[in-house]
Amino acid sequence: MRGAGPDEIRSACPYCGTGCGVLLRRSGAAGLEVRGDPDHPANRGRLCSKGLALGETLGLEGRLLAPRVGGRETDWDSALDLVAGKFRDAVRDHGPDSVGFYVSGQLLTEDYYVANKLMKGFIGSANIDTNSRLCMASTVAGHRRAFGTDTVPGTYEDLEEADLIVLVGSNLAWCHPVLHQRVLAARAARGTKLVVIDPRRTASCDQADMHLRLRAGSDVALFNHLLARLDADGALDADYLRHVSGLEETLAAAHAEDASVTGLTAEELEAFCALWRRTEKVVTVFSQGVNQSTSGADKVNAILNCHLATGRIGKPGCGPFSVTGQPNAMGGREVGGLANMLACHMALEDSRHRDAVQGFWQAPAMPQQAGLKAVDLFRAAGDGRLKALWIIHTNPAVTMPEAGAVAEAIRACEFTVVSDITAATDTARLADVLLPAAAWGEKDGTVTNSDRTISRQRAALPVPGQARADWQILAEVGRRMGWKEAFDYQTPVQIFREHAALSGIAGGFGLDFDISGLAQLSDDDYAALKPQRWPVTAQRQGGRFFGNGSFYHSDGKARMLPVRHRAPAAAQGRKYPFRLNTGRIRDQWHTMTRTALAPRLSGHLAEPFADIHPQDAARLGVQPADLLRLRSPQGEAILRARITADVQPGDLFVPIHWTGETAPSARIDQLVAAATDPVSGQPESKAAVVAAERWQPAWYGFAVSCRPMAPQAEYWAVSRSRAGYRAELAGQDPLADPEAVARLLFDLPGAEVQMMTDSRRGIARLALIQDGRLMAALFTAPEPVAVSRSYLAELPGSCADGVLSGLPTADRPDPGPTVCACFNVGANTILQAIESDGLLSVAEVGAALQAGSNCGSCRPDIADLLARTRFRQAAE
Ligand SMILES: Nc1nc2c(c(=O)[nH]1)N[C@H]1C(S)=C(S)[C@@H](COP(=O)(O)OP(=O)(O)OC[C@H]3O[C@@H](n4cnc5c(=O)[nH]c(N)nc54)[C@H](O)[C@@H]3O)O[C@H]1N2
Ligand SMILES: Nc1nc2c(c(=O)[nH]1)N[C@H]1C(S)=C(S)[C@@H](COP(=O)(O)OP(=O)(O)OC[C@H]3O[C@@H](n4cnc5c(=O)[nH]c(N)nc54)[C@H](O)[C@@H]3O)O[C@H]1N2
Ligand code: SF4
Ligand SMILES: [Mo]
C-alpha cells in the first residue's frame with residue numbers, strides 16, 4: 001500500500017473508537033478523497049464502510065453556518081455575550097450548581113479539556129457530564145474499583161497474539177469493523193478461537209467457534225460461574241494473586257452463584273469454561289452489552305475478576321479489553337469529562353488532587369463533590385434546578401433514555417445552548433441559542449482510541465460560514481465570563497501542552513495517565529505528531545499495564561470484587577411481555593447526522609425495524625413487512641417488523657439511529673426507562689420492557705423523489721438514495737385522494753401527474769414528471785407495498801418509462817438492498833452471480849463482483865447469501 005503522498009494530509013476517522021488513520025486529499029470545491037493510512041498502527045491502511053464514505057458526508061447541506069438566537073441568525077459577539085451573560089447571571093443568582101454542560105466523547109481532547117476546565121475550575125461546579133455516561137461509565141467504575149484507576153491495560157496487538165478472544169456484549173463486526181478484521185486475520189493465521197456472548201445472533205457470530213446466547217443481563221452469573229470453575233479446577237494463578245486482594249470473598253460469591261439464570265445449558269457452560277481454562281492467552285473484549293446495564297459495573301468486575309485470578313492480564317495476548325465506542329471516549333476520560341472525575345485521572349473526592357488541579361489552573365473555585373450525572377442533569381434541567389444548560393456535540397433528545405422527557409426538559413429549561421454542525425436536529429430544534437461548530441476535516445486537535453493511542457485529527461478543508469472550533473467557542477465564553485488569562489488560547493497546541501503538563505502532576509501522584517513527555521511539544525512537533533500510545537514520559541512510552549502486578553490502590557494491589565447477579569431493573573410481565581434490546585447497525589452512526597448523507601450507507605438498511613422471533617410474530621399475527629407498534633410505560637414506537645430467529649423468543653432488537661428528522665415514530669429511546677447502575681450511573685439501554693402488537697394502518701406507501709420530501713403520516717421513514725430520496729409511509733386514515741397526498745409530499749406544483757389506480761384492490765401508483773424526466777413517484781396499497789425498491793430508488797431524474805409497473809426491466813435490473821457499501825453491490829446482484837456463475841465462497845464473490853473485497857464489513861452478509869442459495873439448492 002502506498003504511503004502518504006505530498007498532497008495528502010494525515011488525520012483520523014471521526015467515528016468509532018478503533019481510531020483508524022486516514023489520508024485526506026482535497027478534491028473539487030468542498031470535497032475530500034479519503035483512504036486508509038497504511039502507516040497508522042490501528043488500521044494499517046484498512047477502513048470500514050463508514051470511514052470510506054467520509055468524503056460523501058462533507059457537503060454543506062444541512063450545516064449550521066451562523067449563530068442563531070431564538071431561531072434568528074446573528075453575529076458571534078451577540079450570541080457569545082448572551083451565553084456568557086446568562087451563565088454568569090445564573091451562577092451569581094443561584095450558585096454554580098444552577099448551570100450544566102452536557103458534552104460528548106466525540107469532542108477533541110482540546111475541546112473537552114477547555115469545557116472541563118471552565119466548568120470545574122472556574123464556574124466551580126462539577127455539573128459537566130457527557131454522553132460517555134451512556135457508553136463507558138460502567139467500565140470506568142469497574143476499572144477504578146479493580147485497578148484503583150481507569151486504565152485499559154492492553155493493546156490492539158493483544159488481539160493478534162491471543163489464542164482465545166471472547167466478545168461479551170460486543171458486535172465487533174459492525175461496530176469496530178477494522179478491529180474485527182484484525183481479529184479474523186489473526187484467526188486465519190494462528191487459529192484463534194472466537195467466542196461471542198450475546199443474547200442475539202449478530203454478524204460477529206459468523207466465524208465464531210461458540211455463541212453463548214445468554215439471557216439478557218445475566219453476564220455476572222456467567223463470569224461468576226467461570227471463576228468458580230477455574231477455582232474448583234485449580235486453575236488460579238497463585239503467584240499473580242500475591243498482587244491481588246479480595247480473593248476469598250470474591251470466590252465465596254462466585255461459588256454461591258446459580259448459573260441457570262443465564263439460560264445456557266450445562267454443556268455450553270462446560271465447553272466455555274474448559275476453553276478458558278486450557279487457553280493461556282485470553283482477551284475478553286467487552287462493550288455495550290456489558291456497560292449499558294443496571295449491573296454494568298458489576299459485569300465489568302466479574303470479567304476483571306477472572307483475568308486477575310488467573311494472571312491473564314498485562315501480558316502479550318492476555319487481558320480484559322473494553323473497546324471504546326466514540327472516537328475520543330478515551331480522551332474524555334483523560335481530561336476528566338465525567339461529573340465524578342477530575343482532569344488527568346485525578347479523583348474529585350481526593351483533596352490533594354483537587355488542590356493540585358486548582359493550583360495548576362489558578363482556579364477561583366473548585367467543586368468539592370461530584371456533579372449531576374446525565375440522567376439527573378436532564379431531570380434538573382426539567383424541574384427548574386438548572387437555569388442554564390449547554391449541550392455540545394451530542395443529540396440527547398434522541399439518545400438519552402426517556403428521550404421524550406429529556407426533550408421536554410430541554411424545552412423547559414430557561415436557557416439552553418446547543419453547539420452543533422447540523423442546523424436541524426431533534427435537540428437543536430429545542431434550543432434558545434445555536435452555535436455553529438467547525439466539523440471533522442475542518443479542525444485540528446487530538447483523539448485517543450481504545451488502546452490509548454493518541455492521534456492527530458487535522459484540518460484539510462476551510463471552515464465554512466461563521467463556524468468555529470468547539471474549543472474556540474468555549475474559550476470565548478470563558479473569557480467573556482471574566483477569565484481572560486485562563487482561557488487565552490489561540491491554537492489547539494497551547495491547550496494540548498497545558499493538558500500534558502497537568503498530566504505530569506497526575507504522574508507525580510503515581511497515576512497512570514501521564515503524557516508529560518509531550519508538555520514541551522513545539523508547534524511544529526504538534527503539527528507533525530505521530531500516533532503514540534500513552535503514557536509518554538521520560539521513563540516510559542506506551543506499552544501494557546499491570547504485567548508487573550503493580551496497581552493504583554493505596555496498597556499497590558488490584559482488587560477482586562465479590563459481585564452477584566441482579567436481573568435488569570424492569571421486569572417482564574403480562575402488560576409488557578417483551579425485553580427490548582437496542583444497538584447499532586453496520587453503516588449508520590448514531591443519530592445519522594453525517595452517515596445518512598451518504599447514499600451508499602443508507603442502502604444497507606434503509607428503514608427502522610424491530611427484529612422479532614418467528615414464534616412471537618406468529619402469535620401476534622405479524623407477517624413479513626408488517627408494521628409493529630411497541631409500547632412501554634415511557635412511550636411508543638412504530639417500526640417495520642423483521643421476522644428472524646436472530647433474536648430469542650420474548651426479545652426484540654431495535655436500532656438506535658432514527659430521529660424526528662428521519663423516522664419520528666421510531667425514536668426508540670422514547671421507550672427506554674432511565675434505570676441506572678447504582679455505581680456508574682449508566683442507564684440500562686438494552687433491557688427495557690415493552691408490549692408489541694401488529695399495527696394495521698389504512699394504507700401503506702413507498703415514494704421516491706429527486707428532492708427532499710415532506711411526509712405527513714403516522715409512520716414514515718426517509719433515506720438518501722443515489723438519485724435523491726426514498727420514503728416508506730403508512731397512514732391511519734383511509735386514503736381518499738392519493739394525488740393530493742403526492743402533491744403535499746413532493747411539493748412539485750409544475751409537474752404532470754400520471755396515475756394508475758386499481759380501485760378494487762385499493763392500489764394507486766403516481767409518477768410526477770417534469771420536462772420528460774421522472775421527478776417523483778408514489779405507490780400506495782392497503783397492504784405493504786410490493787415494488788422493487790432498490791430499482792425504483794435509482795429512477796428519479798431519468799426518463800420515466802415503465803416506472804408505474806414498479807418492477808425492473810431487462811435493461812435496468814434491480815440490484816436489491818446494498819450489501820457491499822464500498823462497491824455498491826446489491827443483494828440481488830450477488831445472488832444472481834452466485835447462481836449463474838456457481839460461486840461458492842466469499843472470496844469468489846469478491847473476485848467476480850468486488851463485493852466484500854475492500855473493508856470486509858459485508859463479508860458476513862455475503863456468507864449469509866451463499867448459505868441461503870446453497871440451502872435453496874439443497875431443498876430443490
Ligand atoms: N456502525 C456503527 N458502529 C459504531 C457506532 C455506531 O453508531 N454505528 N457507535 C460507536 C459507539 S459510541 C459505541 S458505544 C460502540 C458500541 O458497540 P457495541 O457495544 O458492539 O454495539 P451495540 O450494538 O450497542 O451492542 C452490542 C451488543 O450487546 C448485546 N447485548 C444486549 N444485552 C446484552 C446482555 O445483557 N449481555 C450481553 N453479553 N450482550 C448484550 C446486543 O445484542 C448487541 O449485539 O459502537 C461504536 N461503533
Ligand atoms: N437505547 C439506546 N440508547 C443509546 C445507546 C444504545 O445502545 N441504546 N447508545 C448510547 C451511546 S453508547 C452513545 S455514545 C450515544 C450517542 O448519542 P449522541 O452522541 O447523542 O449521538 P450523535 O448522533 O453522535 O450526536 C452527535 C451530534 O454532534 C453533532 N456534531 C458532529 N460533529 C460535530 C462537531 O465537530 N462539533 C459539534 N459541536 N457538534 C458536532 C452531530 O451533528 C450530532 O448532532 O447514544 C446512547 N444512546
Ligand atoms: S473501524 Fe470504521 S468507523 Fe471505526 S475508526 Fe475505522 S474506519 Fe472509522
Ligand atoms: Mo458509545
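Just so you know, ligand 1 is whichever comes first in the structure, and atom 1 is the first atom listed for that ligand.
Atom 6 (Fe) of ligand 3 has as its closest protein heavy atom C20 SG, 2.3 Å. Protein heavy atom in closest approach to atom 30 (N) of ligand 1: G289 CA, 3.6 Å. Scanning the protein for heavy atoms near atom 12 (S) of ligand 1, the closest one is H590 NE2, 3.0 Å. Atom 10 (C) of ligand 1 has its closest protein heavy atom at W589 CZ3, 3.4 Å. Ranking the protein heavy atoms by distance from atom 14 (S) of ligand 1 puts Q288 NE2, 2.9 Å first. Of the protein's non-hydrogen atoms, C13 SG, 2.3 Å is the one closest to atom 8 (Fe) of ligand 3. Annotation: atom 18 (P) of ligand 1 to nearest protein heavy atom, S287 OG, 3.4 Å. Counting only heavy atoms of the protein, atom 26 (C) of ligand 1 lies nearest to G169 O, 3.3 Å.
Each of the atoms 31 (C), 41 (C), 42 (O) of ligand 1 lies under 4.0 Å from some heavy atom of N581. In summary, the atoms of ligand 1 found under 4.0 Å from a heavy atom of K50, numbered by their order in the structure, are 1 (N), 2 (C), 3 (N). Listed by number with element, the atoms of ligand 1 under 4.0 angstrom from any heavy atom of G583 are 23 (O), 24 (O). Each of the atoms 35 (O) of ligand 1 lies under 4.0 Å from some heavy atom of A216. With ligand atoms numbered from 1 in the order given, ligand 3 contributes 1 (S) to contacts under 4.0 Å with heavy atoms of P177. Here is the list of ligand 3 atoms found below 4.0 Å of a heavy atom in K50: 3 (S). Taking every heavy atom of S170 and a limit of under 4.0 angstrom, the matching atoms of ligand 1 come to 20 (O). Ligand 1 places these atoms under 4.0 Å from at least one heavy atom of Q326: 12 (S). The Y15 neighbourhood of ligand 3 comprises atoms 3 (S), with distances under 4.0 Å to a heavy atom of that residue. Numbered from 1 in the order shown, with element, the atoms of ligand 1 that lie under 4.0 Å from a heavy atom of T202 read 44 (O). Applying the 4.0 Å criterion to heavy atoms of G19 picks out, from ligand 3, the atoms 5 (S). Close approach of ligand 3 to L47 is summarised as follows: ligand atoms under 4.0 Å from at least one heavy atom of the residue are 7 (S).
In this structure, L628 and F609 have side chains that are not in contact, with every pair of non-hydrogen atoms separated by 4.5 Å or more. Side-chain contact between I197 and L167: absent, with no pair of heavy atoms (C-beta onward) separated by less than 4.5 Å. Proximity of S11 to W440: side-chain heavy atoms (C-beta onward) are separated by under 4.5 Å at one or more points. Side-chain contact between T446 and Q457 is absent, with no heavy atoms from C-beta onward closer than 4.5 Å. Residues V103 and I128 are in side-chain contact: their nearest non-hydrogen atoms beyond the backbone lie under 4.5 Å apart.
One finds no salt bridge joining K50 and D587 here, because no Lys/Arg side-chain nitrogen approaches an Asp/Glu carboxylate oxygen to under 4.0 Å. The pair E8-R35 meets the salt-bridge criterion, since a charged nitrogen lies less than 4.0 angstrom from a carboxylate oxygen. Using a cutoff of 4.0 Å between basic side-chain nitrogens and carboxylate oxygens, D150 and R333 are scored as salt-bridged. Salt bridge annotation for R566-D298: present, with a cationic side-chain nitrogen under 4.0 angstrom from a carboxylate oxygen.
Using a cut-off of 2.8 Å, one finds that C16 contributes no N/O/S atom close to atom 8 (Fe) of ligand 3. None of the N, O or S atoms belonging to C48 lies under 2.8 Å away from atom 6 (Fe) of ligand 3.
The residue among I585, D198, I197 with a heavy atom at the shortest distance from atom 44 (O) of ligand 1 is D198. Checking R213, M592, Q588 against atom 2 (C) of ligand 1, the nearest heavy atom belongs to Q588. Comparing C175, S685, P327, G325 by heavy-atom distance to atom 3 (N) of ligand 1, the nearest is C175.
Among the atoms of D219, some N or O lies under 3.5 angstrom from an N or O of ligand 1. At a 3.5 angstrom cut-off on N or O pairs, K686 counts as close to ligand 1. Where the criterion is an N or O separation shorter than 3.5 Å, residue side chain and backbone included, Q292 fails it with respect to ligand 1. Taking any N or O of R584, backbone or side chain, at least one lies under 3.5 Å from an N or O belonging to ligand 1. Checked by distance only, ligand 1 and N171 come closer than 3.5 Å through their nitrogen or oxygen atoms. Looking at H657 next to ligand 1, no N or O pair under 3.5 Å apart turns up. Checking only distances, W174 does come within under 3.5 Å of ligand 1, N or O to N or O. Ligand 1 has no N or O atom lying under 3.5 Å from any N or O atom of C135, backbone or side chain. Taking any N or O of D587, backbone or side chain, none lies under 3.5 Å from an N or O belonging to ligand 1. On a distance-only criterion, G217 and ligand 1 share at least one N/O pair closer than 3.5 Å.
Scanning all heavy atoms of the two residues, the minimum distance from Q181 to R859 falls at OE1-NH1, 3.1 Å. Closest non-hydrogen pair, I643 versus P614, comes out as CG2-CA, 3.6 Å.
Donor-acceptor pairing under 3.5 Å is recorded for the side chains of R133 and N340.
When atom types are taken as modelled, the side chain of N449 and the backbone of G17 share no donor-acceptor pair closer than 3.5 angstrom. Proximity of a side-chain donor or acceptor of R182 to a complementary backbone N or O of A42 within less than 3.5 Å is detected. A donor-acceptor pair under 3.5 Å is formed between the side chain of R452 and the backbone N or O of V152. Put simply, the side chain of N581 never gets that close to the backbone of L652: no donor and acceptor are under 3.5 Å apart. A donor-acceptor pair under 3.5 Å is formed between the side chain of T582 and the backbone N or O of S685. Q292 places no side-chain N or O within 3.5 Å of a backbone atom of K686 that could act as its donor or acceptor partner.
Ring geometry for Y156 versus F321: interplanar angle under 30°, hence parallel rather than tilted (30 to 60°).
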> Can you list the steps and then say if T202 with D646 is a side chain to side chain contact (heavy atoms under 4.5 Å, CB included)?
Replying inline: CA-CA 7 Å; T202 66; D646 287 354; over 6 Å; no
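When each of V34, D37, L54 is checked for a side chain to side chain contact (heavy atoms under 4.5 Å, CB included) with L24, only V34 meets the rule. Residue D39 forms a side-chain hydrogen bond (donor to acceptor under 3.5 Å, both in side chains) with just one option from R10, R44, K530, and that option is R10.
Residue contact check for ligand 1: V323 places no non-hydrogen atom closer than 4.0 Å to it. Heavy-atom separations between K299 and ligand 1 include at least one value shorter than 4.0 Å. Ligand 1 is never approached by R215 to a heavy-atom distance shorter than 4.0 Å. Distances from ligand 3 to the non-hydrogen atoms of N43 include no value under 4.0 Å.
In V290, neither the side chain nor the backbone holds a heavy atom less than 4.0 Å from any atom of ligand 1.
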